[in-house]
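Written out below as structure tokens is the structure these notes cover.
As the structure is a computational prediction, the values presented were derived from the model and not from experiment. Residue numbers count from 1 along this sequence. Just so you know, these numbers use all the heavy atoms, side chains as well, and skip hydrogens, waters and symmetry mates.
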Amino acid sequence: MNKSGISVLLWASLALLMSLLLITAVQAAPAEASPMSARLAAQSPAIKVLRGPMLHFLADPSQTPRLEDAVQYFEDGMLIVRNGVVEKFGPASTLKASVPAGVAIEKVAKDQLLLPGFVDTHIHYPQTEMIGAYGEQLLDWLKKYTFPTEGQFKDRTHARKIAGIFLKELLKNGTTTALVFGTVHKESVDVLFEKASDLDMRLIAGKVMMDRNAPDYLLDTPTSSYEDSKALIKKWHHRGRLLYAITPRFAPTSSPGQLEMAQKLKQEFPDVYVHTHLSENLGEVEWVKSLFPERSGYLDVYDHYQLTGRRAVFAHGVHLTDAEFSTLAKTDSAIAFCPTSNLFLGSGLFKFDKAKSSGVKVGLGTDVGAGTSFSHFETMGEAYKIMQLQGRKLSAYESFYLATLGGAKSLDLQDKIGNLQSGKEADFVILNLAASDLGRLRLSTSKTLEEKLFVLMTIGDDRNVASTYVAGRKVYGP
Ligand code: GUN
Ligand code: ZN
């Protein structure tokens, strides 16, 4: 063959190769996925298999007579993920036969533990940069530190930078889903959703609605808050794995007119969330009574505007009355229990037992920046101490249930996340049980799984998170 014949042949082969690559890439993307999920799916192998110690929960261990009906632990377990969804989870001895030939099996080591990703039911991303602000309780803390910090989030560049840092902190700490406050600026939520969408995370967030009792630079109006929230709902709610929450900051910063707008939004978009604060601090509770004298109490303000109900999440609830606990249960509303925040701001001791006996759904929230850690280990450890101060015990199994399936139930996402049953979205973490000299020593003296988990929630931190997976793809770790 002459020279020009060879080059025609080379060009023809190259063109064939390019079209084959294109067809393969298009086929790898699931048809219904968002463009970003399609890109991620194309990047990660369709099937992923892990083997080693694994744990998840099927129910609340404190409400289940037989522990084995609530806690599933496999010393030699296997997790098979296909296209970002759990296909099979169970003992390796029974599942290994179903692993297709040629698929590599990732090893989870003996001193590691694979479990579902943590669920943070209440956190403020704009407060990441002001965590650990000294010396004030809620209302002065808001004035002195929070409002000036949140003022910066009109600037998309600043918001984008903090959103990136925030999401990285979540993943470093093994948190794969969070219910997140933005600021009053719609831009703040827009950039957070953009970044979470890049990671294909299941995240719920909302623009703060507040039209009074805050500095002018942070105020919206009933109409603008309605319009901005509606535009964000239309743009982001159910886009990929993202969901929207109508987010009035708390009753004191919303006029009755604005709460009516929140109600109108909820009526127009019934499957969005409602996310706000409730009965955190005694001064705040008195203030609400003086602002809304016609209402029977703090919760009645939200209830009056039909903001209670399934997918309504109230942060704190430290000073609730028995009647308010009953209303929360009756309306199927949830409480985000935020231990590090309640201690840091001196707010009080959450009556977790009362919430449970009243039938109220409870999840754990870090509440950064009033909360002092992104870590669910530290959050569980402080929850334990809050219960100790009330003469009660909080077991390790119950704590890890709260941080996973309990959180998912509080967010009404139990059919999608929270454990590793077939069909769930494959969000999971691999923990190093010993990540420090002290951790290694203490692990060597721990006999049972429950004792190991309790040590984790007592002295664990982000060093104990080896890797984090979102929809089956590793997003943090080596
Ligand atoms: N109540 C109203 N706003 C806030 C906030 O930003 N953090 C906490 N912890 N409580 C609040
Ligand atoms: Zn909060």
Side-chain angles (χ1 to χ4, degrees), residues 118-153 155 158-175 178-184 188 192 205 208 214-215 218 249-250 253 275 277 280-284 315-316 318 336-350 363-386 388-389 399 403 435-436 438-439 456-465 476:
F118 297 129
V119 178
D120 191 335
T121 63
H122 177 67
I123 188 164
H124 301 248
Y125 101 80
Q127 296 175 14
T128 303
E129 61 184 285
M130 54 160 283
I131 191 167
Y134 174 75
E136 307 297 344
Q137 292 210 351
L138 176 64
L139 300 177
D140 293 325
W141 174 86
L142 285 172
K143 269 190 242 154
K144 189 166 170 182
Y145 301 112
T146 315
F147 292 154
T149 303
E150 293 192 3
Q152 305 169 88
F153 283 72
D155 174 7
H158 182 75
R160 196 174 283 120
K161 176 181 142 198
I162 302 299
I165 295 170
F166 169 81
L167 292 175
K168 207 184 246 172
E169 283 302 316
L170 288 185
L171 297 173
K172 251 175 90 171
N173 284 281
T175 300
L179 173 57
V180 189
F181 258 69
T183 63
V184 72
S188 71
L192 178 70
V208 169
L218 275 185
R249 176 170 218 115
F250 66 158
T253 47
H275 184 200
H277 296 92
E280 175 179 3
N281 165 288
L282 286 172
E284 171 209 14
H316 308 297
V318 172
F337 173 19
C338 305
T340 71
S341 166
N342 295 162
L343 295 173
F344 184 72
L345 291 184
S347 302
L349 306 177
F350 177 62
L364 286 179
T366 59
D367 194 27
V368 165
T372 51
S373 174
F374 278 82
S375 171
H376 263 76
F377 302 129
E378 295 183 41
T379 305
M380 289 185 250
E382 298 308 284
Y384 175 81
K385 293 173 198 169
I386 284 179
Q388 279 282 53
L389 284 165
S399 304
S436 62
L438 179 63
L456 263 184
M457 65 186 255
T458 309
I459 61 168
D461 56 36
D462 58 0
R463 290 171 297 176
N464 293 92
V465 177
Y476 169 74

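- For A435 against R463, the heavy-atom pair with the smallest separation is CB-O, 3.2 Å.
- Of the residues listed (V184, L142, L218), the one engaging E150 in a side chain to side chain contact (heavy atoms under 4.5 Å, CB included) is L218, and it is the only one.
- Counting heavy atoms from C-beta outward, I162 and Q152 have side chains that stay 4.5 Å or more apart.
- Rounded to the nearest 0.5 angstrom, T146 OG1 and L138 CG are separated by 8.0 Å.
- Between F166 and V180 the shortest side-chain heavy-atom distance falls below 4.5 Å.
- Rounded to the nearest 0.5 angstrom, T340 OG1 and L364 CG are separated by 10.0 Å.
- Note that CD of E378 is 7.0 Å distant from OG1 of T372, once rounded to the nearest 0.5 Å.
- Residues L179 and H122 fail the side-chain proximity criterion, which asks for heavy atoms closer than 4.5 Å.
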Could you go through the side chain to side chain donor-acceptor pair (under 3.5 Å) check for T366 and D120 one step at a time? CA-CA 6 Å; T366 59; D120 191 335; 2.6 Å; yes
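- A donor-acceptor pair is defined here as one N or O able to donate and one able to accept, closer than 3.5 Å; no such pair exists between the side chain of S341 and the backbone of G369.
- A ring pair (Phe, Tyr, Trp, His ring centres under 6.0 Å) with H124 is found for exactly one of F374, Y145, F153, F181, namely F181.
- A donor-acceptor pair shorter than 3.5 Å can be found between the side chains of H158 and E129.
- Between K143 and L139 there is no side-chain heavy-atom pair separated by less than 4.5 Å.
- Side-chain contact between I459 and L438: present, with at least one pair of heavy atoms (C-beta onward) separated by less than 4.5 Å.
- A donor-acceptor pair is defined here as one N or O able to donate and one able to accept, closer than 3.5 Å; such a pair exists between the side chain of N281 and the backbone of E284.
- At a threshold of 4.5 Å between non-hydrogen side-chain atoms, the residues L167 and K172 do not count as touching.
- Shortest non-hydrogen contact noted between P339 and T379 is CG-O, 3.4 Å.
- At a threshold of 4.5 Å between non-hydrogen side-chain atoms, the residues R249 and T253 count as touching.
- Checked by atom type and distance alone, the side chain of Q388 never pairs as donor or acceptor with a backbone atom of Y384 at under 3.5 Å.
- Proximity of the aromatic rings of F118 and F377 is defined here by a centroid distance below 6.0 angstrom, and this criterion is met.
- Here the straight-line distance linking atom CZ of F350 with atom CD of E280 works out to 12.5 Å at 0.5 Å rounding.
- In this structure a side-chain-to-backbone donor-acceptor pair under 3.5 Å is present from N464 to D461.
- No donor-acceptor pair closer than 3.5 Å links the side chain of T149 to the backbone N or O of Q127.
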Can you check ring pair (Phe, Tyr, Trp, His ring centres under 6.0 Å) on H316 and F337, steps first, answer last? CA-CA 5 Å; H316 308 297; F337 173 19; 9.6 Å; no
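- Heavy atoms only, all atoms of each residue included: S373 and I131 are closest at N-CD1, 4.0 Å.
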Show the numbers, then the answer: is there a side chain to side chain contact (heavy atoms under 4.5 Å, CB included) between S347 and Q137? CA-CA 7 Å; S347 302; Q137 292 210 351; over 6 Å; no
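- Across all their heavy atoms, T121 and G365 have their closest contact at OG1-N, 3.7 Å.
- Y125 and A159 get closest at one heavy-atom pair: OH-CB, 3.6 Å.
- Closest approach of V119 and H376 over heavy atoms only: O-NE2, 3.0 Å.
- Summarising the geometry, atom OG belonging to S399 is positioned 11.5 Å from atom CG belonging to L456; distances are rounded to the nearest 0.5 Å.
- Between L349 and N342, the closest side-chain pair of non-hydrogen atoms is not below 4.5 Å.
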Report the C-alpha distance between L282 and V318 in whole Å, list the side-chain angles of each, state the deciding distance to 0.1 Å, and finish with yes or no for side chain to side chain contact (heavy atoms under 4.5 Å, CB included). CA-CA 9 Å; L282 286 172; V318 172; over 6 Å; no
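- Between the N173 side chain and the T175 main chain, no donor and acceptor come within less than 3.5 Å of each other.
- Remark: E382 CD to C338 SG distance equals 13.0 Å, nearest 0.5 Å.
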